[in-house]
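Okay, so here's the structure we're looking at.
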Amino acid sequence: MSFPLLTATAALPAIGAIATAAVPAARRTAAKWLALLFSLATLVLAGIVLARFEPGGARYQLTESHAWIKDFGVRYELGVDGIGVALLALTALLIPFVILAGWHDADPLETKSSRWRPTQGFFALILMVEAMVILSFEATDVFLFYILFEAMLIPMYFLIGGFGDRAHSGSDENAAAQRSYAAVKFLLYNLAGGLIMLAAVIGLYVVAGTFSLSEIAEARANGSLSMATDTERWLFLGFFFAFAVKAPLWPLHTWLPNAMGEATSPVAVLITAVVDKVGTFAMLRFCLQLFPEASKWATPVILVLALISIVYGALLAVGQRDIKRLIAYASISHFGFIILGIFAMTSQGQSGATLYMVNHGISTAALMLVAGFLITRRGSRLIADYGGVQKVAPVLAGTFLIGGLATLSLPGLSPFVSEFLVLVGTFSAYPAAGIIATTGIVLAALYVLVLYQRTMTGPVKAEVQGMADLKVRELVVVLPLVALLIFLGVYPKPLTEIVNPAVQHTMSDVHKKDPQPEVEAAK
């Protein structure tokens with residue numbers, strides 16, 4: 001039996017979570033280093049997975065399959081395609097930076113809410129989320145994926161509700177109430193989506209007789225499985241609703257600004273750069289692969305919702321006074337681009353959408369973590385409380401600017417490649433949708449540059465006069481992310497080579513080909 005590499009990659013952070021939680025309460029620093037060590041070891045394993053993955057090989061590689069619940073046909077089946085392996089690598093890459101950035105976020109406070117800040121629990125929950133997200137990118141059994149899809153809500157609920165942002169303008173009681181509200185809203189929205197998905201999962205089993213993606217694909221190919229049109233559409237809607245909540249897509253997005261605003265900055269990165277990617281990934285793996293005809297049927301409505309997300313999220317970002325909520329609404333706009341690329345049903349659009357998931361994770365992590373360092377120094381999330389920061393902390397201001405420019409998809413930085421491919425793919429199939437989507441680019445430039453101008457330029461406010469620049473630990477967090485943004489912006493080929501074959505498989509699932517350009521005959 002070959003070494004179960006995919007299982008090991010997900011099991012290692014889970015073991016790390018248990019080990020970190022077991023560290024004695026008085027040894028907080030040891031718990032931090034232990035969590036960081038396990039996250040780095042997971043990154044090494046993810047690198048091995050990436051190295052062993054062959055872009056031109058079988059669709060699902062490094063596969064594992066074992067009987068789990070025989071009476072219900074549930075199997076423990078794992079495998080990664082190009083999309084899954086790219087997102088697995090992204091997750092493993094970001095978690096060490098999340099841990100380093102949150103090094104002091106769970107240290108005890110001398111307040112009534114200090115009981116919610118056990119350092120060991122904070123880092124153990126982060127590792128548990130990592131384990132579940134990685135396994136969800138590997139799962140090729142629908143029921144196994146559903147279990148992970150729901151289970152990851154539990155540690156996220158406690159990370160949001162129990163370890164909130166300390167830069168809160170109100171009293172401790174008010175801050176705790178806001179955190180509780182954000183955590184409960186996050187949980188209820190996602191549980192509602194998950195319950196609807198559960199009904200669809202059961203319906204899929206009734207129709208197909210199995211939860212295995214490979215068996216369903218084989219049955220479709222040989223004609224032994226056919227779904228009635230109405231049945232396929234209802235099942236598609238059940239899956240898509242849950243994924244649209246997780247993504248999030250307008251109008252199911254309202255939990256995200258609350259969750260990101262009240263969570264610590266590293267946990268906010270965990271939400272939007274890691275956990276939310278499970279939703280858009282699942283649209284590609286499950287919606288398009290399991291329900292190809294229903295996906296094409298729903299495309300016009302989904303494109304409209306994606307366009308609304310792009311414009312609506314960007315407009316609300318422009319009007320924000322809170323730095324973290326601005327980044328949250330910007331992410332809603334970006335997720336609109338990702339979903340637009342997926343359902344444009346072109347190879348350029350879906351390649352761009354997959355690259356966007358990776359690049360958005362890196363750029364949002366860079367911007368949000370630097371914003372977190374800024375907020376920690378000043379003790380406020382309000383944009384109006386800043387001014388002239390670049391004169392007292394030039395490195396902080398510079399990295400903040402690079403993160404912001406990546407967010408607005410400046411050419412030369414990695415998100416530009418993603419956004420360009422999404423727009424090219426959308427224009428070729430739906431020109432009107434492509435034109436409307438470009439307004440999101442203009443609005444992104446507005447909210448990013450205005451944010452930078454109001455916080456970093458102008459006269460130095462008295463409250464930021466003595467602000468320290470980035471320290472060594474913070475530079476270790478930010479500089480690798482900045483380097484990746486530049487490298488993948490200049491040379492995206494390593495990512496595209498991995499992603500493109502998987503996209504071609506998805507295009508084949510929905511029986512779509514790229515539109516051919518119309519060439520006017522020579523007179």
Side-chain angles (χ1 to χ4, degrees), residues 165 167 169 250 253 256-258 260-261 265 268-269 272 307-337 359-360 362-416 419 436-465 467 470 478 481-482 485 489:
D165 192 350
S169 57
W250 184 93
H253 68 284
L256 183 64
N258 295 101
M260 288 183 65
S265 293
V269 169
T272 191
L307 291 172
I308 294 174
S309 287
I310 292 170
V311 178
Y312 175 85
L315 283 173
L316 265 64
V318 171
Q320 287 303 305
R321 296 181 296 173
D322 183 308
I323 296 174
K324 291 171 69 177
R325 289 178 71 89
L326 184 152
I327 298 173
Y329 280 110
S331 290
I332 292 169
S333 181
H334 295 151
F335 276 107
F337 274 107
N359 293 326
H360 171 264
I362 299 170
S363 63
T364 298
L367 181 60
M368 179 60 84
L369 293 178
V370 177
F373 298 148
L374 177 70
I375 291 167
T376 299
R377 284 161 166 73
R378 174 66 177 83
S380 173
R381 305 191 320 232
L382 298 179
I383 296 172
D385 289 341
Y386 295 87
V389 174
Q390 68 180 11
K391 296 178 182 177
V392 296
V395 178
L396 188 155
T399 52
F400 188 83
L401 178 61
I402 294 173
L405 293 176
T407 298
L408 64 81
S409 299
L410 184 77
L413 298 176
S414 59
F416 169 76
E419 203 164 271
I436 296 171
T438 55
T439 60
I441 301 175
V442 178
L443 292 171
L446 180 61
Y447 61 69
V448 167
L449 295 178
V450 168
L451 171 65
Y452 183 83
Q453 181 187 36
R454 292 178 177 175
T455 56
M456 302 296 167
T457 65
V460 180
K461 289 201 171 184
E463 294 82 1
V464 303
Q465 188 69 53
M467 183 176 288
L470 294 182
V478 175
L481 296 175
V482 170
L485 289 173

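Atoms considered below: every heavy atom in the structure, side chains included; atoms not considered: hydrogens, waters and symmetry mates. Predicted model only: the values in this text are computed from it and were never measured.
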Hey, mind stepping through H253 and Y312 against ring-ring contact (aromatic ring centres under 6.0 Å, His included) and telling me if it holds? CA-CA 11 Å; H253 68 284; Y312 175 85; 5.2 Å; yes

Measuring from atom CG of L470 to atom CZ of F373, what distance do you get when rounded to the nearest 0.5 angstrom? 7.0 Å

Could you tell me if the side chain of L413 sits less than 4.5 Å from the side chain of S363, heavy atoms only? no

Donor-acceptor under 3.5 Å (K391 side chain, P459 main chain): no

Go through the steps for T457 and Q390 under the test side-chain contact (heavy atoms from CB on, under 4.5 Å), then give the verdict. CA-CA 6 Å; T457 65; Q390 68 180 11; 3.9 Å; yes

For the CG atom of L485 and the CG atom of L405, what is their distance to the nearest 0.5 Å? 10.5 Å

Are side-chain heavy atoms of L369 and L481 found at a separation under 4.5 Å? yes

Can you name the closest pair of heavy atoms from A397 and M456 and give their distance? CB-SD, 3.7 Å

Mark yes when over 12 heavy atoms from residues, nucleotides or ligands other than R454 sit less than 6.0 Å from its CZ; otherwise mark no. no

Could you go through N258 and R325, starting from their C-alpha distance and side-chain angles, then the distance that decides it, and tell me whether this counts as side-chain contact (heavy atoms from CB on, under 4.5 Å)? CA-CA 8 Å; N258 295 101; R325 289 178 71 89; 3.9 Å; yes

Value rounded to 0.5 Å, distance of CG in L256 from CD1 in I332: 5.0 Å

Can you measure from CZ (F416) to CG (N359) and round to the nearest 0.5 angstrom? 12.0 Å

Does K324 reach the side chain of M368, with side-chain heavy atoms less than 4.5 Å apart? yes

Nearest heavy-atom pair of A317 and A330: which atoms, and what distance? CB-N, 4.1 Å

Quick one: does T272's side chain have a donor or acceptor within less than 3.5 Å of a partner on V269's backbone? no

Within the distance-only criterion (no hydrogens, no angle test), does the side chain of S414 pair as donor or acceptor with the backbone N or O of G489 below 3.5 angstrom? no

Heavy-atom check, side chain of R377 versus side chain of L396, under 4.5 Å: yes

Taken to the nearest 0.5 Å, the spacing of L382 CG from Q320 CD works out to 11.0 Å

Side-chain touch D322/Y329, heavy atoms, less than 4.5 angstrom: no

With rounding to the nearest 0.5 angstrom, report the CE to CZ distance, M467 to R378. 7.5 Å

For F400 and Y452, take the angle between the two ring planes, folded into 0 to 90°, and tell me which bin it lands in: parallel under 30, tilted 30 to 60, perpendicular over 60. parallel

Compare every heavy atom of G388 with every heavy atom of V460, then report the nearest pair and how far apart it is. CG2-O, 3.6 Å

If you compare all heavy atoms of V464 against all heavy atoms of Y386, which two are closest, and at what distance to 0.1 Å? CG1-CD2, 4.2 Å

Would H360 and F337 count as a close aromatic pair, with their ring centres under 6.0 Å? no

When every non-hydrogen atom of G404 is compared with those of L367, the smallest separation belongs to N-CD1, 3.8 Å

Shortest non-hydrogen pair, L443 vs A314, comes out as CB-CB, 3.6 Å

